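In this text, all values refer to a predicted model and were calculated from it rather than measured experimentally. Below, each value reflects all heavy atoms present in this structure, side chains not excepted, and no hydrogens, waters or symmetry copies. Every chain is numbered from 1 and lettered A, B, ... according to where its sequence line falls, protein lines coming before strand lines.
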Amino acid sequence: GAGVSQSPSNKVTEKGKDVELRCDPISGHTALYWYRQSLGQGLEFLIYFQGNSAPDKSGLPSDRFSAERTGGSVSTLTIQRTQQEDSAVYLCASSLERSPYYGYTFGSGTRLTVV
Amino acid sequence: RKEVEQDPGPFNVPEGATVAFNCTYSNSASQSFFWYRQDCRKEPKLLMSVYSSGNEDGRFTAQLNRASQYISLLIRDSKLSDSATYLCVVISNTGGFKTIFGAGTRLFVKA
């Protein structure tokens, strides 16, 4: 596609439920990243994919968080047993490859609210 | 100490003013630098890369000072539409590339 697409754009869920967030990166971009941003805060790195593998998942805050990427394209971030502190905007970005020379293109994010 | 630090602001300036933001980084092995812009409740968008020799894009000038480990962004003749949060991004390669986003500097340009 022309840009990075994320769905849903907004998600309200009850505490304890599982949620799945989807990211469709720019076609041909091998590197894919998940970040989250709490209100008024900076970006917090979650996980990086190169192709279908995740060489860096150091930012996942707990084992309730997992992510996968299939076909070198679409990625899904899953949060199990959601907690109120999980409320944030989850941003996906992609780049041509993981290199110091390429900037990221971000999707418009999924705003997650846990009530 | 944070790896990338920015003055959170906000900077409140009138239209037409010149405003400058600095961003300091702690890892001397950092090798690439970018400025992103984030509008309220929107995703960050790449504004410009920062090159060692400095670079300019219209009213925007980015500079890198490796000796003092900071980068800067200068906005001349600021417009109302420049109001946003400006994020500094630093990429280092120590055992793998690592990208660090600063927390951002908020700019408000007033009429």
Side-chain angles (χ1 to χ4, degrees), chain A residues 1-7 9-10 21 23-26 29-50 53-59 87-113, chain B residues 2-10 21 23-25 27-52 55 57 60 62 64 66 71 73 84-106:
Chain A
V4 177
S5 177
Q6 290 188 248
S7 61
S9 54
N10 280 284
L21 313 180
C23 172
D24 198 345
I26 292 174
H29 280 195
T30 62
L32 184 148
Y33 314 83
W34 283 99
Y35 286 82
R36 74 175 175 182
Q37 188 173 34
S38 300
L39 189 63
Q41 301 298 309
L43 274 72
E44 177 187 2
F45 168 77
L46 297 177
I47 188 170
Y48 151 65
F49 285 93
Q50 180 62 42
S53 64
D56 186 354
K57 52 180 80 171
S58 61
S87 297
V89 176
Y90 289 80
L91 291 161
C92 174
S94 70
S95 64
L96 198 58
E97 58 184 66
R98 196 180 207 192
S99 144
Y101 307 112
Y102 297 113
Y104 296 177
T105 300
F106 282 88
S108 54
T110 293
R111 186 172 301 276
L112 175 67
T113 304
Chain B
K2 290 182 180 177
E3 291 184 75
V4 175
E5 292 202 71
Q6 295 185 251
D7 182 341
F21 310 131
C23 166
T24 59
Y25 59 95
N27 186 347
S28 59
S30 298
Q31 58 185 111
S32 296
F33 309 88
F34 301 87
W35 283 102
Y36 280 70
R37 170 199 169 121
Q38 186 171 25
D39 292 290
C40 189
R41 298 176 74 87
K42 297 285 189 181
E43 72 275 19
K45 292 185 178 176
L46 179 62
L47 180 64
M48 59 197 303
S49 304
V50 187
Y51 303 125
S52 296
N55 49 300
D57 183 1
F60 297 82
L64 166 64
R66 284 194 183 274
I71 65 172
L73 178 67
T85 297
Y86 290 84
L87 307 175
C88 158
V89 179
V90 176
I91 300 179
S92 60
N93 186 6
T94 45
F97 293 118
K98 185 177 178 185
T99 302
I100 305 292
F101 282 79
T105 297
R106 297 190 71 186

**Item:** Top contributor to chain A contacts, counting heavy-atom pairs under 4.5 Å, from B:Gly102, B:Pro44, B:Gly104
**Value:**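 Top count of heavy-atom pairs under 4.5 Å with chain A: B:Pro44.
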
**Request:** Give, for atom OG1 of B:Thr99 and atom CG of A:Leu43, the distance between the pair rounded to the nearest 0.5 Å.
**Result:**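 B:Thr99 atom OG1 to A:Leu43 atom CG measures 11.0 Å (nearest 0.5 Å).
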
**Message:** Within this structure, what is the CD-CD distance for the pair B:Gln38 and A:Gln37, rounded to the nearest 0.5 Å?
**Reply:**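 One gets 4.0 Å once the value is rounded to the nearest 0.5 Å.
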
**Prompt:** Given that the side chain runs from C-beta out, which part of B:Ile100 has a heavy atom under 4.5 Å from chain A: side chain, backbone, both or neither?
**Reply:**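 For B:Ile100, there is no contact with chain A at all, as no heavy atom is under 4.5 Å.
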
**Prompt:** Non-hydrogen atoms of chain A under 4.5 Å away: do they reach the side chain of B:Arg41, the backbone, both or neither?
**Reply:**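 Both parts, backbone and side chain.
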
**Request:** Flag yes if more than 12 heavy atoms outside B:Arg106 fall under 6.0 Å of its CZ atom; otherwise flag no.
**Result:** no

**Request:** Look at the rings of B:Phe101 and A:Tyr104 and say which category their plane angle falls in: under 30° parallel, 30 to 60° tilted, over 60° perpendicular.
**Result:** tilted

**Asked** A:Ser108, A:Gly103, A:Gly42, A:Pro55: which one forms the most heavy-atom pairs within less than 4.5 Å of chain B?
**Response**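 Top count of heavy-atom pairs under 4.5 Å with chain B: A:Ser108.
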
